Amino acid sequence: MPIFWLVTLILVIAALGYVLARSRALASAGGNRSALHSLPSYYGMNSGLKIIVPGFGLMILWLLAQPLYVDSVVSGMIPDAEIKEGSSRGLLLAELRRTAEGIDLAISKNIMDEEFARNESTEFADMTARLKDAGAVVTSSITQPIMRGAQELRVLSSTGRWLMTMAVILVSLAGLFWSLRETNAEFRARNVVEQGVLALLIGAASIAILTTIGIILSLIFNTVEFFKLYPAMDFFFGVEWAPSFSGRGGASELGVLPLLWGTLYISIVALAVAVPIGLFAAIYLSEYASNRVRSIAKPLLEILAGIPTIVYGLFALLTVGPMLVSVFGDGGALGLNWQGGGRAVMTAGLVMGIMLIPFVSSLSDDIINAVPQAMRDGSYGLGATQSETIKQVVLPAALPGIVGAVLLAASRAIGETMIVVLGAGAAARLSLNPFEAMTTVTAKIVSQLTGDSDFASPEALVAFALGMTLFVLTLSLNVFALYIVRKYQEQYD
Amino acid sequence: MEGGLVNDMRTIQRTDQMEDMKISAKDVNVYYADNHAIKDVNVEIEDKTVTAFIGPSGCGKSTFLRCLNRMNDTIDICRVEGDILLDNEDIYDARIDPVQLRAKVGMVFQKPNPFPKSIYDNVAYGPRIHGLANTKAELDEIVETSLRRGAIWDEVKDRLDAPGTGLSGGQQQRLCIARAVATAPEVLLMDEPCSALDPIATAQVEELIDELRQNFSVVIVTHSMQQAARVSQNTAFFHLGELVEYGETGQIFTTPQDSRTESYITGRIG
């Protein structure tokens, strides 16, 4: 039975359980709702929970466990003699699985029947010919043991699937009967259902946390792997970034400093654009603007935050870059010849700054609004003007929060990729000239992993070390920002 | 019963009151959007006296107080009509800068609101803005006198650099009074200055108000009739946006002219 029908069946049983339990509960109270411990629907939900949770739980566990079991059995069928030089058991196992899929395909095309597919005495040459007819991918490595393994795999899988269907249906029905048995007027169905909801919430929270931990662990393991192949000192203190392309051999220079410098330089330019503009916009919006202006301007500003970064990247590439060249480039308006091409630190930094404006302004606006009106009243009451009040009372009071907002913006700038890829170029360089092309950690992660890459080479694994570096950098910025914001929150209590 | 006590005290004080009007309000009406909050209020506030505004919650006494230094300007929907004269100058005249006015008419708020700065900077805030001190020594002098006037100098003189927000509620309120005094105002408005304080801190602030009377005209809004009786020379009773009765404190509490005043001070309304 396909999984889809099995899922449908469990849901049908659950719906049945809901209706039956509900009416059974009502009947046990003689039709008098107020004699029940819980609302009738809670009895129904209790029944539904007791069908769905064990049913789906068993199904998911089975689906996870069955391939492991089948693989271990089939793998034992491959004799060591079959494993040739340069090959491995894993590769043969993959071949075996492909063969099994080929047989399925052939059966569905009526090129062989089920009996032929299962027959232990089938010659592998005959099988190979038929598989070829079916259009399945056949390689020279199909041998008699492989074919036998494939046949066994098919048998085991289909038996397993059949057993699973039976077990799941049985468990669901057991749940149905159990829940119906316990349904009576005194049964505390509401408490049970709420326990179930609690478990659901805890489950959701743990999935979020566990995946985070999983991602971090995979980063760490791959980074450790990289440092086995490439010395850590050369990575952290190397000033040269020159990976050789995989497969061509030769030593790579994988120093992170040029990339970190590019990241920091572009971020600094971006923050130099975003912080003053964003902060001034926030001050205007929260302190001076009338409600009408505010209600129009704030959403407009926040639209900037909704533009995908790739669009900012295009804007950098097609508009800002050429514009900067026409001012600072060869034969430009200033006659300076500082900028060679459109891609430069300045291009990416300016555009990233524009991207960060709503981020800074929106957060600062909230923080400025959180300064109590009593502070402003106190200052006005002493004969201070609005501007004096903002400069000397509101901003100092909001400063820690604003610093927090700026740090959050900085961690976004450091992690930004698309604008950099399109706006700053790909040349890793240690230079002070902001009109030169540079690149960042994120852009290099992209370029190290796109295209054909051998995931065992230091050139590909360096991406994980770069990712880890970036992660530690932004994490510490975020923690620092949160620390400052939290310290600020205590101030008015 | 409390009226009798008060009367004895006030009769003595009445003799040394000068008939010197600091603020006079004529036909003042205040609207919040469509809500008519203050209705035709006429009041004369004497110099170097404490004037108390009493009345039930929402009667407009705080609103009227805030008209006296144009704090209502910061509320968009608020509209003030009528004349309020400070030393015979209309404070709502176009030539008057509300900022300058507020330097002359200081204000202390219901909840202590020290700035998140040091105690010294809190007090020095006004003088710095208005350029009252030419040298650091002069500023130190102003800060010390103000803190002494605020009756808090002895408690904070060793920690002037500590944040003002770290003081206790009563200390914070006295700091706010010192801060208001530091700008050398002529009138000091106090909006329920003791409502957030415990009885001991209240007693300290009340004592302070009585001392401030020597230099300033003080207008205090209060919910406590005992407080009004204790600290004020004149009392105005507001009810539903109207000024019901205004007169010498002893007289208001012993022989009120209006039946509403009598009901309020005997606890039947409000």
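The structure displayed is predicted, hence computed values, not measured ones. Here is the naming used below: chain letters follow the sequence lines, and residue numbers restart at 1 for every chain.
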Count the heavy-atom pairs under 4.5 Å between each of B:R102, B:M107, B:R66, B:Q100 and chain A, then report the option with the highest count. B:R102
Does a sphere of radius 6.0 Å around CD in B:E207 hold more than 12 heavy atoms from other residues, nucleotides or ligands, not counting ones at 6.0 Å or beyond? no
Side chain, backbone, both or neither: which part of A:S290 has a heavy atom under 4.5 Å from chain B? neither
Verify the neighbour count for atom CZ of A:F480: are there more than 12 heavy atoms of other residues, nucleotides or ligands below 6.0 Å? no
Test: salt bridge (charged side-chain N to carboxylate O under 4.0 Å, His left out). Region: residues 271-292 of chain A. Which pairs qualify, not counting sequence neighbours? A:E287-A:R376
Report the C-alpha separation of A:L382 and B:R179 in whole Å, then their side-chain angles, then the decisive distance to 0.1 Å, and conclude whether the side-chain contact (heavy atoms from CB on, under 4.5 Å) test is met. CA-CA 8 Å; A:L382 292 171; B:R179 189 176 69 182; 3.6 Å; yes
For B:D76, is the CG atom crowded, meaning more than 12 foreign heavy atoms sit under 6.0 Å from it? no
Which portion of B:F109 sits near chain A, non-hydrogen atoms under 4.5 angstrom: side chain
Is there a side-chain contact between B:M71 and A:D377, using heavy atoms and a 4.5 Å cut-off? yes
Considering only heavy atoms from C-beta outward, does the side chain of B:F115 approach that of A:V394 to under 4.5 Å? no
Side-chain heavy atoms of A:P372 within contact of B:K111, under 4.5 Å: no
If I measure from the heavy atoms of chain A, does B:V105 come under 4.5 Å with its side chain, its backbone, both, or neither? backbone
Does atom CD of B:E138 have more than 12 heavy-atom neighbours, drawn from other residues, nucleotides or ligands, at distances under 6.0 Å? yes
Per-residue contacts, residues 118-133 of chain B versus chain A, heavy atoms under 4.5 Å: B:Y125, B:I129, B:H130
B:N113 side chain to A:A374 main-chain N or O, any donor-acceptor pair under 3.5 Å? yes
So for atom CG, which belongs to B:N88, do other residues, nucleotides or ligands contribute more than 12 heavy atoms lying within a distance under 6.0 Å? no
Could you tell me which portion of B:P114 (side chain, backbone, both or neither) has an atom closer than 4.5 angstrom to a non-hydrogen atom of chain A? backbone
With a 4.5 angstrom heavy-atom cut-off, which part of B:R70 approaches chain A: side chain, backbone, both or neither? neither
Take a 6.0 Å sphere around OH of B:Y31 and say whether it holds more than 12 heavy atoms from other residues, nucleotides or ligands. yes
Does atom CG of A:L198 have more than 12 heavy-atom neighbours, drawn from other residues, nucleotides or ligands, at distances under 6.0 Å? yes
Hey, does the side chain of B:K117 reach the backbone of A:Q392 with a donor-acceptor pair shorter than 3.5 angstrom? yes
